[in-house]
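The structure appears below as structure tokens.
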Amino acid sequence: MIHLKSRGLREACTRLHVWGIFSVILKLDGHDSPGNCAIMINDQGEVVHRYVKMNPWIPTERHYPGWECPVTPGPKGSKIATIVCADGDYPEIWREAAYNGANIIVRPTHYMSPWENGWDITNKMGAYCNQCYVVAVNCVGVEAACSAFGMSMIVAPDGNVITKAPAGVPYIVKADLYPGLVDKLHESSVTNTFLYSFRHRGASCRDLGGRGETRCQYNAYTYGGEQDEPDPPR
């Protein structure tokens, strides 16, 4: 189904010898509702990645929620995860992408005014807190009285913006990325390596043998759906 719906995109990637990431609505096998998806097509015209948006925008977006955040090998040592639009308002999805091995997180969006500040903050946060490159692509124009403001940006793993498009006009941004540096950073135990510290909490504590606490003890990352109501106070 993906191959049929993406034929024109696959042909374009093959002709131009480029990799492309596209935001599309797709029918999901086994579900009546479609998914808000991102797909990645390589320079051979092959669909090599599909992500179904895990956090649909309630109440407006009635798509089926996704169930995983895959990471796919890309060109030049990149390991690419995708998230979609309002996904980026949830810190958990950025961390999930990095935890799964991403060194580049791509975020296609239809972000609208007046959320320019939120757009800026969440992209920088996603990059800094997870020490990954963030490629955040926003559309431009008015649709159904909603104005998408553009301002696409590429953010470095330290949270600094490498390049950013102006507001309100179609624009192309470009940057050289070095994903191998991100991989080395995630493996190290030096100061302010957040993903390592997340996996090895308290690694400097002698009681934990220099390895730290490796169990996930965050309730936010282990919940099982609907929670039981807490016992009333006594």
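What you see below is based on every heavy atom in this structure, not just the backbone, and it leaves out hydrogens, waters and symmetry mates.
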Within 45 degrees of the ring normal and closer than 6.0 Å to the centroid, is that where the cationic atom of Arg95 sits relative to Tyr90?
no

Ring-face cation contact, Tyr64 with Arg62, 6.0 Å cut, 45° max:
no

If we ignore hydrogens and angles and just use 3.5 Å, is the side chain of [X] paired with the main-chain N or O of [Y] as donor and acceptor?
X: Thr60; Y: Trp57; result: no
X: Trp19; Y: Gly74; result: no
X: Thr193; Y: Leu185; result: no
X: Arg199; Y: Tyr99; result: yes
X: Asn130; Y: Gly126; result: yes

Decide whether Asn138 and Thr109 meet the rule of one side-chain donor and one side-chain acceptor closer than 3.5 Å.
yes

Flag for Arg10-Gln44: side-chain donor and acceptor within less than 3.5 Å
no

Just verifying a value: how many Å separate [X] [atom1] and [Y] [atom2], rounded to the nearest 0.5 Å?
X: Ser152; Y: Asn123; atom1: OG; atom2: CG; value: 9.5 Å
X: Asp176; Y: Ile154; atom1: CG; atom2: CD1; value: 9.5 Å
X: Thr14; Y: Leu9; atom1: OG1; atom2: CG; value: 10.5 Å
X: Met125; Y: Asp89; atom1: CE; atom2: CG; value: 8.5 Å
X: His200; Y: Cys205; atom1: NE2; atom2: SG; value: 15.0 Å
X: Glu11; Y: Leu16; atom1: CD; atom2: CG; value: 11.5 Å

Between Trp119 and Met153, does a side chain to side chain contact (heavy atoms under 4.5 Å, CB included) hold up when you go through it step by step?
CA-CA 10 Å; Trp119 168 250; Met153 63 178 69; 3.6 Å; yes

Please report the closest heavy-atom contact between [X] and [Y], naming both atoms and the distance.
X: Tyr218; Y: Thr222; value: O-OG1, 3.2 Å
X: Cys13; Y: Gly20; value: SG-N, 3.9 Å
X: Ala81; Y: Ala97; value: CB-CB, 3.6 Å
X: Lys53; Y: Ala86; value: NZ-N, 3.9 Å
X: Val84; Y: Ala38; value: CG2-CB, 4.0 Å
X: Val140; Y: Gly150; value: CG2-CA, 3.4 Å

Applying a strict under-4.5 Å side-chain criterion to I, L, V, M, F, W and Y, I'd like to know whether [X] and [Y] cluster together.
X: Val161; Y: Val135; result: no
X: Val71; Y: Leu195; result: no
X: Tyr178; Y: Ile80; result: yes
X: Val137; Y: Ile25; result: no
X: Leu181; Y: Ile162; result: yes

Beyond-backbone contact of [X] with [Y], side-chain heavy atoms, under 4.5 angstrom:
X: Met54; Y: Pro65; answer: no
X: His186; Y: Gln131; answer: yes
X: Arg107; Y: Thr122; answer: yes
X: Ile39; Y: Leu26; answer: yes
X: Tyr133; Y: Pro157; answer: yes
X: His63; Y: Ser33; answer: no
X: Ile41; Y: Val18; answer: no
X: Cys85; Y: Tyr111; answer: yes

Does atom [atom1] ([X]) have a neighbourhood of more than 12 heavy atoms from anything else shown, all under 6.0 Å?
X: Tyr221; atom1: OH; answer: yes
X: Phe149; atom1: CZ; answer: yes
X: Ile58; atom1: CD1; answer: no

Give the C-alpha distance, both sets of side-chain angles, the deciding distance and a yes or no for side chain to side chain contact (heavy atoms under 4.5 Å, CB included) between Arg50 and Leu28.
CA-CA 11 Å; Arg50 182 187 75 166; Leu28 304 177; 3.8 Å; yes

Let me see the working for Asp120 and Lys164 under side chain to side chain contact (heavy atoms under 4.5 Å, CB included), right down to the final yes or no.
CA-CA 10 Å; Asp120 199 63; Lys164 183 177 181 180; 3.1 Å; yes

Which one of Thr82, Asp87, Asn36, Thr72 satisfies the side-chain hydrogen bond (donor to acceptor under 3.5 Å, both in side chains) criterion with Tyr51?
Asp87

Go through the steps to decide whether Ile83 and Val106 satisfy the test side chain to side chain contact (heavy atoms under 4.5 Å, CB included), and finish with yes or no.
CA-CA 6 Å; Ile83 66 175; Val106 180; over 6 Å; no

